[in-house]
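Here is how names work: the chains are called A, B, and so on, in the same order as the sequence lines, proteins then strands, and each is numbered from 1.
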Amino acid sequence: MAATLSREEVLGRVETVLIDALGVESDEVTQDATLQADLGAESIDFLDIVFRLEKTFDIKISKGELFPDDILSDPDNVVAGLVTPKGLEQLKSSMPHANFDDFENDPKVAKVPDLFTVQTIVNYVENKLNTAA
Amino acid sequence: MRWIWIDRFTEFVRGSHSVAVKNVTLAEEQLCDHFPGYPVMPPSLMIEGMAQTAGILVGETRNFQENVILAKIRLAEFTDYARPGGQLEYHAKIESIDDRAAATAGEVRLNGQPIGRVDLMFSHVNKSQSTAGLPEHNFVFTDQFMQLFETFQRGTLEGAAES
């Protein structure tokens, strides 16, 4: 049923999910806002967002599908606080919904959370709905 | 001290929903100070009552093998006071559950009438994660909590046998 949603409709529903999950105001939920730094998401909030997205869009999100959490625990993927080229490729492969333009120039592990923006979530949901259609 | 804020389960459907009741009485210490001259059940303790109703429901889905930790209050709103003599009902249902966490939705009723909503999230903490300073034994589902659940089960079995 949700496969026919326009991008604006997806964005609107994602905004509602983030407002409810994070207790933020609607004007804070800009497309470039990062979930952690700008909207204050903590680790349990990421699971809350996943559960709410599943319910809102009637989709199933597997572990690590939206927020990959095992790539950075591989020692081959992180050296001296930087994501290695191999790690970067894995991240890009598992997160086609994220924008890596800035991150590729400064691939610090500490900057990985900045990959998760409102736009990232909207892209993910759109891809998911299009795949299911 | 017994940190149990529900009196008994009246309904329990594995993996789905549960209902527990709590009678509010003037004999309870928290009502002396909350508030002097106007005793009402503190909302924080109603949230705890819902957490116990929903937490046991979540824990039972995995046969109480994991600790189920209250991780987040997704929503808590109340529209009325619960005064002595009233009976609270906590209606909890599982909305989402996987091997990491569970989300529950809950309604609080007073004498049958809705007076609030409490939606929660729980984390599952299993033995392999207990190295982070947590005890290895199950510190959530203690004997006191298990007695509540077992009392309900016994009552159900006895009721079935009589009918």
Electrostatic pair B:Asp98:A:Lys63 at N-O distance under 4.0 angstrom: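 No, this pair does not count.
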Quick one: are B:Lys72 and A:Glu42 in side-chain contact, heavy atoms under 4.5 Å?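 Not in contact.
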Can you establish whether the number of heavy atoms outside A:Asp102 located under 6.0 Å from its atom CG is more than 12?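 Open.
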Evaluate whether atom NZ of A:Lys111 has more than 12 neighbouring non-hydrogen atoms of other residues, nucleotides or ligands under 6.0 angstrom away.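 Count not over threshold, so no.
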Cluster question for you: counting only ILVMFWY and a side-chain heavy-atom cut-off of under 4.5 Å, with indirect links fine, are [X] and [Y] together?
X: B:Val21; Y: B:Leu148; answer: no
X: A:Val122; Y: A:Phe100; answer: yes
X: B:Val19; Y: B:Ile47; answer: no

What distance do A:Leu47 atom CG and B:Met121 atom CE have between them, rounded to the nearest 0.5 Å?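 Interatomic distance, A:Leu47 CG to B:Met121 CE, rounded to 0.5 Å: 5.0 Å.
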When rounded to the nearest 0.5 angstrom, what distance separates CZ in A:Arg52 from CD in B:Glu95?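 It comes to 8.0 Å.
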Any idea which heavy atoms bring A:Phe51 and B:Ala103 closest together, and the distance?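 That would be CD1-CB, 3.7 Å.
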